[in-house]
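What follows is a single structure, written as structure tokens, with notes after it.
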There are 2 protein chains.
Amino acid sequence: MTTLAMIEAAAARLKGHARRTPLLSSPFLDEIAGRRLFVKAECLQHTGSFKFRGGWAALSALDPDLRKRGVIAYSSGNHAQGVAAAAKAHGAPSVIVMPADAPRLKIDNTRALGAEVVLYDRAAGESREAAAAPLVESRGLTLIKPYDEPEVIAGQGTTGLEIAEQAAEQGVTQGDVLVCCGGGGLTSGIALALQDRAPGLRVRPAEPEGFDDVARSQASGRIESNAAPTGSICDAILTLAPGEITWPILSRLCGPGLTITDTEAQHAMALAFQRLKIVLEPGGAAALAAALFHGDQIEGDAMIAVATGGNVDRDTFVEALSRFS
Amino acid sequence: MTTLAMIEAAAARLKGHARRTPLLSSPFLDEIAGRRLFVKAECLQHTGSFKFRGGWAALSALDPDLRKRGVIAYSSGNHAQGVAAAAKAHGAPSVIVMPADAPRLKIDNTRALGAEVVLYDRAAGESREAAAAPLVESRGLTLIKPYDEPEVIAGQGTTGLEIAEQAAEQGVTQGDVLVCCGGGGLTSGIALALQDRAPGLRVRPAEPEGFDDVARSQASGRIESNAAPTGSICDAILTLAPGEITWPILSRLCGPGLTITDTEAQHAMALAFQRLKIVLEPGGAAALAAALFHGDQIEGDAMIAVATGGNVDRDTFVEALSRFS
């Protein structure tokens with residue numbers, strides 16, 4: 001179980017390696033949101049998403065002998081790049097199991113970061129766990145799960161420590177922190193950090209319509225799953241259900257989840273381009289979309305949206321700009 | 001004459017108002033550049049460019065009675081937005097004189113930031129100074145020049161204080177700092193700051209082909225002018241000649257200027273999108289383009305490119321992506 005002490009220890013190991021990403025804002029976005037809106041720009045993290053934090057935290061916590069044999073991860077792309085880059089920096093080999101339909105840029109980047117990439121077909125019903133298992137056994141690799149892993153949650157939680165500090169610098173101690181939510185590693189890590197460091201800031205998961213497993217789980221009080229594995233442009237956060245480790249944390253600490261459409265994600269991408277000068281992928285824009293377009297479900301006069309990643313193909317990005325800017 | 005003490009005083013006045021923008025990097029860009037390359041992302045500054053620093057420094061240094069009457073500025077856009085936002089925050093009225101062919105987004109933003117915008121036709125040979133002069137007299141406005149003004153140079157120089165700190169954090173004490181250069185306010189301000197704080201870092205101005213007035217002035221030893229006022233997509237840095245105040249500083253402290261093509265600026269914009277997740281305008285990508293594509297003119301094993309602005313129209317941005325990513 002991840003604790004605040006583990007998050008603090010992860011922050012110490014990450015110091016000088018992960019970036020302290022900026023908290024951005026624009027009067028034009030404040031106007032749309034109808035209140036003060038800050039954006040934690042994790043798209044500017046190494047490898048283009050917050051996942052580098054969890055990858056580094058897990059690699060750096062590993063027994064050196066195990067680390068030497070190598071690690072394996074399965075991921076739609078951002079966890080892959082985060083683990084690959086962290087493994088390379090630690091001198092450890094890495095194998096990444098990725099869906100064959102992941103954005104080309106993510107597959108190419110993962111290979112270029114030194115990882116061996118193994119593809120599987122999620123549309124045909126293949127599971128990433130099944131693809132990974134034989135490699136774990138035959139090579140003695142350590143599996144680094146994308147979210148249901150205490151050290152990974154601790155690494156993502158370092159984002160929450162920074163949010164607490166940066167919000168305080170802006171005079172914000174009350175409000176909602178919106179987080180793009182897949183399996184819940186980042187969301188639960190931030191919630192754990194804020195519980196202690198900024199108890200007036202409440203985490204709200206943001207998910208795509210039709211893939212709102214966390215919001216529905218919150219409503220029913222037990223783990224609910226999505227009907228399909230794919231079908232939204234928000235590929236980075238399409239996870240079937242909250243994790244067994246992340247769910248109890250989400251359930252205990254988060255406010256109600258918010259649901260956004262693919263069109264709203266595109267609109268948020270275009271506004272982030274125009275007003276913040278950052279590049280967001282659709283799944284990385286979900287929280288900003290919730291902040292901009294679902295303010296009716298948000299109380300208080302300040303919001304912080306975590307912009308979780310920017311690994312987007314050119315065509316997907318241009319389409320968003322074409323529709324909205 | 002701007003001094004280090006003035007830059008430090010400006011930094012104190014800017015504290016809590018300007019952003020300390022991050023120093024970004026990517027192994028993919030290092031590979032292209034053939035050495036360590038860092039990017040100071042001033043596109044993430046308030047109003048989307050470093051100009052907010054100079055605007056704030058000038059407004060905050062002004063006598064309160066003069067400030068109350070208001071300020072006026074002429075600008076192709078980024079200085080306009082910087083002054084308008086700084087004036088609004090100081091409760092001072094602002095009038096901005098802009099070329100009628102400036103990017104629409106810049107004109108709209110300047111108005112939305114509370115300024116009164118007066119347009120002039122630079123293609124027809126009208127001068128911005130001539131358009132500004134009667135307003136200065138009739139309303140008692142204080143002119144805030146875009147670069148040839150000691151407090152503005154001091155404000156831009158605060159970027160250099162941050163670069164010195166951030167480079168040291170990365171273990172970089174020797175190398176070239178490439179700066180997109182128009183009239184030379186930012187370039188001279190950074191050079192003054194680094195002279196004292198990081199004397200191993202040398203400033204190199206970067207300019208568009210055909211608008212390399214600073215590089216040619218450096219070669220001849222006296223102020224040289226460009227043949228034409230427009231004709232490059234790098235609109236933010238098309239200045240006819242170095243300033244009378246900036247030139248002696250540039251001449252004394254900078255290494256030889258570098259010249260880039262519009263195509264190279266577009267290529268740098270596409271790479272910044274893909275690898276750094278930031279949005280750059282063409283003129284804001286000149287230094288990065290010089291770092292990536294003119295390494296043969298650069299010594300040492302580390303470079304820092306200042307990415308000066310991100311206020312770009314959608315179509316200009318999409319064209320760059322279409323050609324290069």
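Predicted model, so just to flag it, every value in this text is computed and none were measured.
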Original post:
For Leu280(B), is it the side chain, the backbone, both or neither that has a heavy atom under 4.5 Å from a heavy atom of chain A?
Top reply: neither
Subject >> Over all atoms of both residues, closest heavy-atom pair of Phe273(A) and Val312(B) >> reply: CZ-O, 3.9 Å
Original post:
If you look at every heavy atom in Ile278(B) and Leu44(A), which pair is closest and at what distance?
Top reply: CG2-CD2, 3.7 Å
Original post:
Residues in side chain to side chain contact (heavy atoms under 4.5 Å, CB included) with Ala265(B), at least two apart?
Top reply: Cys234(B), Ile260(B)
Using a plain distance cut of 3.5 Å, could you tabulate donor-acceptor pairs between chain A and chain B?
unit_1, atom_1, unit_2, atom_2, d
Arg19(A), NH2, Ser25(B), O, 2.8
Arg19(A), NH2, Ser25(B), OG, 3.3
Ser25(A), O, Arg19(B), NH2, 2.8
Ser25(A), OG, Arg19(B), NH2, 3.3
Asn109(A), OD1, Arg275(B), NH1, 2.6
Arg275(A), NH1, Asn109(B), OD1, 2.6
Lys277(A), O, Val279(B), N, 3.0
Lys277(A), NZ, Gly310(B), O, 3.3
Lys277(A), NZ, Asn311(B), OD1, 3.0
Val279(A), N, Lys277(B), O, 3.0
Gly310(A), O, Lys277(B), NZ, 3.3
Asn311(A), OD1, Lys277(B), NZ, 3.0
Arg314(A), NH1, Leu321(B), O, 3.3
Arg314(A), NH1, Ser322(B), O, 3.2
Arg314(A), NH1, Ser325(B), O, 2.8
Leu321(A), O, Arg314(B), NH1, 3.3
Ser322(A), O, Arg314(B), NH1, 3.2
Ser325(A), O, Arg314(B), NH1, 2.8

**OP:** Using the six-membered ring wherever Trp is involved, compare the ring planes of Phe317(A) and Phe317(B) and label them parallel, tilted or perpendicular (cut-offs 30° and 60°).
**Re:** perpendicular
**OP:** Check whether Leu276(A) gets within reach of chain B through its side chain, its backbone, both or neither, counting any heavy atom under 4.5 Å.
**Re:** backbone
